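Note that the structure is predicted; figures quoted are calculated from it, not measured. Counting convention: from 1, in listed order, for ligands and their atoms alike.
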Amino acid sequence: MKSPRRYHITTFGCQMNKADSERMAGILENMGFECSDDPNNANLVLYNTCTIRDNAEQKVYSYLGRQAKRKHEQSDLTLVVAGCVAQQEGETLLRRVPELDLVMGPQHANRLRDLLEQVFDGNQVVATEPIHIVEDITKPRRDSRISAWVNVIYGCNERCTYCVVPNVRGKEQSRIPEAIRAEMEGLGQQGYQEITLLGQNIDAYGRDLPGVTESGRHRHTLTDLLYYVHDVPGIERIRFATSHPRYFTERLIRACNELPKVCEHFHIPFQSGDNDILKAMARGYTHQKYRRIIDKIREYMPDASISADAIVGFPGETEAQFENTLNLVEDIGFDQLNTAAYSPRPGTPAAQWEEQLSEEVKSDRLQRLNRLVSVKAAERSQRYLGRIEEVLVEDQNPKDTTQVMGRTRGNRLTFFTGDLRELKGQLVNVKITQTRAFSLTGESLRY
Ligand code: SAH
Ligand code: SF4
Ligand code: F3S
């Protein structure tokens with residue numbers, strides 16, 4: 001008997017890529033492939049790649065080099081590069097790594113079966129042309145049994161001057177509310193408890209769907225979507241990401257406050273605390289507007305947790321402008337902040353500008369910002385001390401197997417003593433006894 005065909009997927013990058021990988025894994029399993037954690041033991045290796053910063057892209061090339069070598073000894077090995085590097089490089093990637101069988105952009109994830117059939121017919125295939133993303137009929141193979149991602153809008157129509165995402169993810173395409181709800185209902189029936197609705201600029205949801213109300217408002221905004229899906233049976237928690245300050249509305253805050261399943265957590269990247277830098281980034285808001293959004297959130301939901309992304313060392317950023325970013329972090333006090341040194345990306349305007357900063361300046365600013373972030377996050381964590389928080393148990397604490405771990409509604413990682421077999425997928429009330437910058441420890445109140 002022929003041994004089963006095995007696939008391996010390594011995923012780089014953001015949650016959209018993770019969601020795409022899960023859909024592609026579902027397609028491969030439908031085709032009869034079995035999952036292998038070890039790429040060297042698989043006859044189909046797929047790298048789902050990220051190009052947001054140069055180091056993300058370079059990592060892909062080093063992984064790929066090893067598999068390309070292996071292909072010389074194992075001729076039945078199929079090598080696939082999917083995702084954002086695939087989209088950015090296209091044919092060039094084939095020239096760089098001729099051993100590749102398939103190069104496919106993110107919009108083609110749902111077409112994996114068709115594309116592979118062409119490969120198995122003996123073709124080397126590049127699929128990077130923009131397409132209308134077809135609704136997926138295959139069941140994704142989800143990594144978690146508890147928490148799942150649901151795409152609501154693909155692509156991004158913004159043009160932030162540093163960012164490759166619009167080039168690699170294409171134009172915004174919203175899924176219709178009925179398809180989103182149906183997917184969530186399926187997940188609820190399968191026992192999933194938590195859903196994160198995904199979009200690069202999720203506030204743009206619905207703009208491209210037909211139907212405008214008499215007042216001129218789009219009928220299917222993100223806020224409308226939350227009201228439409230909030231009561232899906234079985235789903236206990238709803239999250240969404242990523243919000244853009246330019247389009248963020250008070251109506252959305254009210255919905256989050258009103259709808260019990262929507263978690264008290266907002267992820268709203270600000271990128272810089274300086275108005276001139278924000279302008280050069282083409283972000284379309286000022287730091288004052290950003291602060292007003294946070295004030296408004298805290299007016300309705302004083303305890304909501306706030307996270308964001310920020311970039312240091314954007315071309316031309318002066319020390320004083322960088323300090324405006326520090327000031328914003330100092331004043332707002334984020335629960336979590338993803339920070340990055342600016343990385344010039346091909347095909348983006350800012351990469352062409354002359355006033356690029358040195359790596360030394362960028363890494364010095366990054367370290368200074370990160371230090372402040374930990375101090376502020378530790379302060380924010382302290383508010384949980386002695387409180388009772390609801391934790392959705394996902395896994396064992398890898399560092400202490402007598403403990404389980406999960407997240408609070410505010411998205412803080414929390415550890416407590418317990419048995420995973422009994423607690424996995426349970427919502428447990430936990431009394432917080434210790435706080436750290438980015439995690440908590442507590443005691444279960446279940447017994
Ligand atoms: N759509 C989201 C973010 C998408 S990319 C938004 O608009 O905020 C995720 C994060 O990567 C960004 O928030 C930004 O902080 C960072 N990033 C994007 N391009 C970058 C670059 N060229 N250099 C460094 N960081 C970058
Ligand atoms: Fe990139 Fe800006 Fe779109 Fe975010 S909103 S994905 S930073 S272009
Ligand atoms: Fe990376 Fe593409 Fe996401 S570039 S951050 S994987 S959209």
field: Arg169 heavy atom under 4.0 Å from ligand 2
entry: no
- prompt: Against heavy atoms of His244, which atoms of ligand 2 measure under 4.0 Å?
  reply: 5 (S)
query: Can you tell me if Cys160 has a non-hydrogen atom under 4.0 Å from ligand 1?
result: no
- prompt: Going by the atom numbers of ligand 2, which of them fall below 4.0 Å from some non-hydrogen atom of Pro166?
  reply: 8 (S)
- line: the protein heavy atom lying closest to atom 19 (N) of ligand 1 turns out to be Tyr162 CD1, 3.3 Å
- line: What one should report as the nearest heavy-atom pair of Cys84 and Asn17 is SG-OD1, 4.5 Å
field: Per-atom contacts, ligand 2 versus Tyr162 - under 4.0 Å to a heavy atom
entry: 7 (S)
message: Tell me the closest heavy-atom pair linking Gln321 and Gly316, and the distance in Å.
response: OE1-O, 3.4 Å
message: Heavy atoms only, cut-off 4.0 Å: how does Gln200 contact ligand 3, side chain, backbone, both, or neither?
response: side chain
Numbered atoms and elements of ligand 2 in range of Cys160, under 4.0 angstrom, heavy atoms: 2 (Fe), 5 (S), 7 (S), 8 (S)
query: In terms of atom number and element, which parts of ligand 1 are under 4.0 angstrom from non-hydrogen atoms of Arg345?
result: 22 (N)
Modelled atom types, side-chain donor and acceptor of Gln200 and Tyr154, under 3.5 Å: no
statement: If you scan protein heavy atoms around atom 10 (C) of ligand 1, the nearest is Asp309 OD2, 3.4 Å
query: Given Arg237, which of Gln193, Glu390, His265 fulfils the side chain to side chain donor-acceptor pair (under 3.5 Å) condition?
result: Glu390
query: Taking the six-membered ring of Tyr61 as reference, does the NZ or CZ atom of Arg96 fall below 6.0 Å from its centre and within a 45° cone about the axis?
result: yes
- prompt: In terms of atom number and element, which parts of ligand 3 are under 4.0 angstrom from non-hydrogen atoms of Asn17?
  reply: 6 (S)
message: Can you name the atoms of ligand 2, numbered from 1 with element, that are less than 4.0 Å from a heavy atom of Cys156?
response: 3 (Fe), 5 (S), 6 (S), 8 (S)
task: Identify the protein heavy atom lying closest to atom 1 (Fe) of ligand 2, giving its residue, its atom name and the separation to 0.1 Å.
output: Cys163 SG, 2.3 Å
- prompt: Hey, is atom 1 (Fe) of ligand 3 within less than 2.8 Å of some N/O/S atom on Cys84?
  reply: no
- prompt: Looking only at protein heavy atoms, which one is nearest to atom 25 (N) of ligand 1, and how far off is it?
  reply: Arg53 NH1, 3.2 Å
Any side-chain donor near an acceptor of the partner, Gln288 and Arg291, under 3.5 Å: no
message: Any heavy atom of Asn201 closer to ligand 1 than 4.0 angstrom?
response: no
message: Only heavy atoms of Cys14, strictly under 4.0 Å: list the atoms of ligand 3 that pass.
response: 3 (Fe), 5 (S), 6 (S), 7 (S)
- request: With heavy atoms of Ala340 as the reference, note each atom of ligand 1 found under 4.0 Å away.
  value: 25 (N)
- line: Counting heavy atoms under 4.0 Å, the part of Ala341 that contacts ligand 1 is backbone
- prompt: Considering only the protein, which heavy-atom contact is closest to atom 23 (N) of ligand 1, and what is its distance?
  reply: Ser343 N, 3.0 Å
field: Proximal atoms of ligand 1 relative to Ile311 (non-hydrogen, under 4.0 Å)
entry: 14 (C), 15 (O), 17 (N), 25 (N), 26 (C)
field: Arg283 touching ligand 1 at heavy-atom level, < 4.0 angstrom
entry: yes
statement: Counting from 1 in the order shown, the ligand 1 atoms closer than 4.0 Å to a non-hydrogen atom of Gln271 are 8 (O), 12 (C), 13 (O), 14 (C), 15 (O)
